[in-house]
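What's counted below: heavy atoms across the whole structure, side chains too, no hydrogens, waters or symmetry copies. Note that ligands are numbered from 1 as they come in the structure, with each ligand's atoms numbered from 1 the same way.
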Amino acid sequence: MRRTRLFLPTLKETPAEAQVVSHRLMLRAGLVRQSAAGIYTWLPTGLRVLRKIAQIVREEQDRAGAQEVLMPTIQPAELWRGSGRFEDYGKEMLRITDRHDRELLYGPTAEEVITDIVANEITSYRDLPKNLYNIQWKFRDEVRPRFGVMRGREFLMKDNYSFDLDKAGAVHSYNKMFLAYLRTYARMGLQAIPMAADTGPIGGDLSHEFIILAETGESSVFCDKALLALDAPGDDIDYDVNLQDLVDQWTHYYAATDERHDQANCDVANDQLVTARGIEVGHIFYFGTKYSEPLGATVQGSGGQKITLEMGSYGIGVSRLVGAIIEASHDDNGIIWPESVAPWTVGLINLKVSDADCTATCERIYAELKAAGVATIYDDRDERAGGKFADMDLVGIPWQLTVGPRGLKDRKIEVKKRAGGEKSEVTIDALGDWIAARAAL
Ligand code: P5A
């Protein structure tokens, strides 16, 4: 995309309303604009990041055997009366009345909707297990929306729901998601730590929050240092085998949010205990028959008996992750996107638009990058070099190519890596290989 055409309203000044660095940088780098408290418009650059995150989430869900659906944002109150949650959910639920005086709500989560579908469509044990997910906007009328998209009122969530015949099956589904989550966050350059957690309005007795450590996190967390050294499962993971041993590698170490933390029962040595703040980027639950029982999600077993389905639900804060990744990866100059979620991989800077050689060279490189499928911002504006460099750093483009008259005399262009700031030179003749390496990512 040419910078002269791109809608990318960057700000030099720090917006006064933003309290945390990710919110400040999301506004300054032109990713989002607030529309009402806790409700945002995603501008082109922000939307590209949001979609890349959603795509990683999708790929790992598919790999773990979940199937994508798309549920509505607006749900009937009746379903929530069926589960008993319509009154329980309280003021966080945005209630809506239509022209016929029917009660609706903007979904804060979708256990009821999906359980109702399964109750109506699945009748035999042969059709199980099933795991269905969607990536859809949710609304929670939070008392204190804050920190930009990190605690929004409208936010994008990946939520999925597993349906099994018995508890052993449900725990296997839970374990699959546990490991799929670790892989998902690792692909975004994040180290998420699973922590025993309370279940709140979702319910159940087995639950983990996935937390990344960050000073501005809203939760206080306590965990064994050993957890920080564990690696997420690799590409060779087989979700069809018993996964308990793999999950136990993580759950065997102490890790708890402050709601669960009990200093008296925590036997981790002081110098081994990490006490930090964290951002909750996911939360998984096993709650047995809490929804299937009242909503009638049952099937006929092999002997004709009635089986009430065992369920779990699993959430990832997709829009929150945009802020969380920035919290984990930035410097004084701006965002440092991991390549896997960067809006553009390469930023091409034309230092002197009025110089025929510079512009012809940039056009050629831009065309080559496009042909190789490397997402590029080409800064073709007739502006000062300093401003162009500052913008590329602010927006966090992983690789920056600078073409100027001085370098071109020796047929050289400058390459800068945003992470670490390391600079090198590439000759025009070797640039084809450099582009091919970016395309392979
Ligand atoms: C699990 C999926 C649930 O809602 N039902 C379906 C279960 N869990 S949860 O913990 O309440 O939410 C899942 C994740 O959504 C993100 N999240 C938010 N993101 C931005 N703004 C909010 N106000 C907000 N509330 C929840 C979190 O990442 C959470 O882990």
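- Nearest protein neighbour of atom 27 (C) of ligand 1, counting heavy atoms only, is R320 NH1, 3.6 Å.
- Between F287 and Y291, the two ring planes are perpendicular [angle over 60°; tilted spans 30° to 60°].
- Nearest protein neighbour of atom 12 (O) of ligand 1, counting heavy atoms only, is M157 CE, 3.5 Å.
- Side-chain contact between L243 and F178 is absent, with no heavy atoms from C-beta onward closer than 4.5 Å.
- For ligand 1, the atoms closer than 4.0 angstrom to any heavy atom of D159 are 2 (C), 6 (C).
- Between Y378 and Y366, the distance separating the two ring centers is shorter than 6.0 angstrom.
- The shortest contact between atom 8 (N) of ligand 1 and any protein heavy atom is with F285 CE1, 3.4 Å.
- By the criterion of a heavy-atom distance under 4.0 Å, the side chain of Y161, and not its backbone, is placed next to ligand 1.
- Proximity of E142 to ligand 1, defined as any heavy-atom pair under 4.0 Å, is confined to the side chain (atoms from C-beta onward).
- A distance below 6.0 Å separates the ring centres of H261 and Y254.
- The shortest N/O to N/O separation between K158 and ligand 1 does not fall below 3.5 Å.
- Checked by distance only, ligand 1 and V149 stay at 3.5 Å or farther apart across all their nitrogen or oxygen atoms.
- Residue contacts with ligand 1, taken as heavy atom pairs separated by less than 4.0 Å, involve E111 solely via side-chain atoms from C-beta onward.
- Residue G282 has at least one heavy-atom neighbour below 4.0 Å for each of these atoms of ligand 1: 28 (O), 30 (O).
- Ranking the protein heavy atoms by distance from atom 25 (N) of ligand 1 puts F155 CZ, 3.5 Å first.
- In terms of modelled atom types and a separation under 3.5 Å, the side chain of R183 and the main chain of P233 share a donor-acceptor contact.
- The nearest protein atom to atom 16 (C) of ligand 1, hydrogens excluded, is given as G317 CA, 3.6 Å; this is a heavy-atom distance.
- Open room surrounds CD on E422; 12 or fewer heavy atoms of other groups in view lie less than 6.0 Å from it.
- Within the cation-pi definition used here (under 6.0 Å to the ring centroid, within 45° of the axis), R418 does not qualify as a partner of W337.
- With a heavy-atom cut-off of 4.0 Å, H283 touches ligand 1 through backbone and side chain alike.
- In summary, the side chains of Q400 and D393 do present a donor paired with an acceptor at a separation below 3.5 Å, with no hydrogens or angles considered.
- For Y40 and F155, the ring centers sit 6.0 Å or farther from each other.
- Shortest contact from atom 4 (O) of ligand 1 to any protein heavy atom: R140 NH2, 2.8 Å.
- Considering only non-hydrogen protein atoms, atom 20 (C) of ligand 1 sits nearest to M150 O, 3.3 Å.
- With a 4.0 Å heavy-atom cut-off, ligand 1 is reached by the backbone of V281 but not by any atom from C-beta on.
- Atom 28 (O) of ligand 1 has as its closest protein heavy atom E280 O, 3.0 Å.
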